[in-house]
There are 2 protein chains.
Amino acid sequence: MENQDVDRTLSLLWRRVLGVPQGSRGPKQRFSVDEVIRAGIAVADEEGLPAFSMRKVADRLGLKLMSIYTYVPSRDELIGLMVDEVMGEPGLPPHEGDWRERLTAVARQMWDEFHRHPWLLQVEQSRPWIGPNGSDRYEWQLAAIEGAGFTDLEMDQTITLIGDFTAASARADVTARRTAEQSGISDAEWWAVNAPVLERLMPLDAYPISGRVGTTAGEEYNAVRDSERSFRFGLDRILDGLDQLLTSRPADG
Amino acid sequence: MENQDVDRTLSLLWRRVLGVPQGSRGPKQRFSVDEVIRAGIAVADEEGLPAFSMRKVADRLGLKLMSIYTYVPSRDELIGLMVDEVMGEPGLPPHEGDWRERLTAVARQMWDEFHRHPWLLQVEQSRPWIGPNGSDRYEWQLAAIEGAGFTDLEMDQTITLIGDFTAASARADVTARRTAEQSGISDAEWWAVNAPVLERLMPLDAYPISGRVGTTAGEEYNAVRDSERSFRFGLDRILDGLDQLLTSRPADG
DNA sequence: CTTAACTCCGTATGCCACACGGTATTTCGG
DNA sequence: CCGAAATACCGTGTGGCATACGGAGTTAAG
């Protein structure tokens, strides 16, 4: 049973390749690992990661708490499996257009995903789990800029850059939304209540630039912050910077 | 006592301005809010946010658990205060050089801070706390690019971009370090153990580009990933992109 | 038909945040 | 100088969590 030699995390992630190690002796499991993972995703989608608990996953399946542990060794492990599962959802559409358009599509896919499953941003990866869907996606992301003129190293750094930026940008957006939703207080309302206090605490002359910039941004956005627009701004700058890198050096085949 | 009207969060954050609301009737508090905050920072520095608990803060001060709640209304609130406290640590050195150098300094300050207090990356801000140190820093960050030619909106977006990217980049670095430390297994060791398995799971021909890029990166970095270098790469691209934005339009004013 | 292997689950341990109420201490009003 | 009010500190309790452990029932291999 070479499965036993494999790190348990890996063997679960790659279960489609390795097969689920099912001893044939005892009773069959009522569910599959995939059903547990999907139940987990549903819980996390609805309640977020902090409220995600093994009990809720069990309840959703009609199992008792401890039975979950016969499918999955720990909460962290389950979350890791959920992450890779989710990475397989959008598929990997064929690349079209030039590298700028392709990278935009790569970023947009991640952006959308973070909004579909906001708990992804709350996952604390200890060691990055190398699962099939994650691996496929990384390959697909690299393919988006293959042949554009980057060195191998730069290709990795570029994808990292796009990914890091998108994650951070989505994080800001998602937490803002979550806050508004949970507290029932919109940004505008919060400011209406607290602005008088803040104006006293923060006299304009102590914060000349932020005062001016904040006012402008507020008027322009019609909100404190327009995350979608900040995202596009940042992405455009990054793409321009990458373009610079490519055009600044002699193009050879 | 107009303090009472103020959102409790704000009145604690701005306690130096508003004064700590100390009724004079009963016994004096054995410690100050600042001491509680510093104790909290010490705990978080040593053990990280997941292991950060009110009990440990209390133990460190020689108080019993529930006494902490006479200083600070909740765990979340305390963390918010810790964040603003930490933002005051590095001071705000005068800006020097052109806007590129200044922005680099801004990014570097955040990068260093995330490494000094890695738990900052684990904080889930619900509503961004507007505290004195955070406000001062934002003003200072904007001052770094004041007059460079950005519109007000772009100034805000630029600082957001730099901040988002730095946070994400630091996050990758910090979690990698933490994992290596906690598991006692270095990246190299992890790969040595798991590489044979992964090679079987991920045949090179299924992952042509990642295989090539991963090999190159591994050789070049002498590690799986060199975060410091990725950070500089990303930052340079972003700065180039911002430069592009400025030079692509007629300079006036 | 025995027995190993397995699933499911009840219970227990040791964490956690926090509500509530009690007691001791301090100071104010008279 | 005294009583009342305000306050700090803390003991206890509630309800949550992950997960270790062991037991009862189920299945199929030998």
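All chains are named by letter (A, B, ...) in the order of the sequence lines, taking the proteins before the strands, and each is independently numbered beginning at 1.
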State which residues pass salt bridge (Lys or Arg N to Asp or Glu O under 4.0 Å) with A:Arg38; sequence neighbours excluded, sorted by chain then number. none

A:Leu92 meets the side chain to side chain contact (heavy atoms under 4.5 Å, CB included) criterion, sequence neighbours left out, with A:Gln109, A:Asp136, A:Arg137, A:Trp140

All N/O pairs under 3.5 Å across the protein-nucleotides 2-5 of chain D interface:
none

Could you list, one pair per line, each protein nitrogen or oxygen that sits under 3.5 Å from a nitrogen or oxygen of nucleotides 14-18 of chain C, together with the distance?
| residue | atom | partner | partner atom | Å |
| --- | --- | --- | --- | --- |
| C:dC16 | OP1 | B:Ser53 | OG | 3.1 |
| C:dA17 | OP1 | B:Met54 | N | 3.1 |
| C:dA17 | OP2 | B:Met54 | N | 3.4 |
| C:dC18 | OP2 | B:Tyr69 | OH | 3.2 |
| C:dC18 | OP2 | B:Arg75 | N | 3.0 |

What residues 35-47 of chain A contributes to the DNA chain D interface at heavy-atom separation below 4.0 Å is none

Can you list the residues that meet the side chain to side chain contact (heavy atoms under 4.5 Å, CB included) rule with B:Ser53, with sequence neighbours excluded? B:Arg55, B:Lys56

May I ask you to say what A:Tyr71 touches in the nucleic acid, namely base, sugar-phosphate or nothing, with a heavy-atom cut-off under 4.0 Å? sugar-phosphate

Could I get the full list of ring pair (Phe, Tyr, Trp, His ring centres under 6.0 Å) partners for A:Tyr71, not counting sequence neighbours? none

With sequence neighbours left out, what residues match B:Glu46 under salt bridge (Lys or Arg N to Asp or Glu O under 4.0 Å)? B:Arg60

Residues forming a side chain to side chain contact (heavy atoms under 4.5 Å, CB included) with B:Ala170, sequence neighbours excluded: B:Trp111, B:Phe114, B:His115, B:Leu121

Tell me every residue that passes ring pair (Phe, Tyr, Trp, His ring centres under 6.0 Å) with B:Trp14, counting only those two or more places apart in sequence or in another chain. none

Sorted by chain and residue number, the salt bridge (Lys or Arg N to Asp or Glu O under 4.0 Å) partners of B:Glu89 (sequence neighbours excluded) come out as B:Arg116

Residues forming a salt bridge (Lys or Arg N to Asp or Glu O under 4.0 Å) with B:Arg229, sequence neighbours excluded: B:Glu220

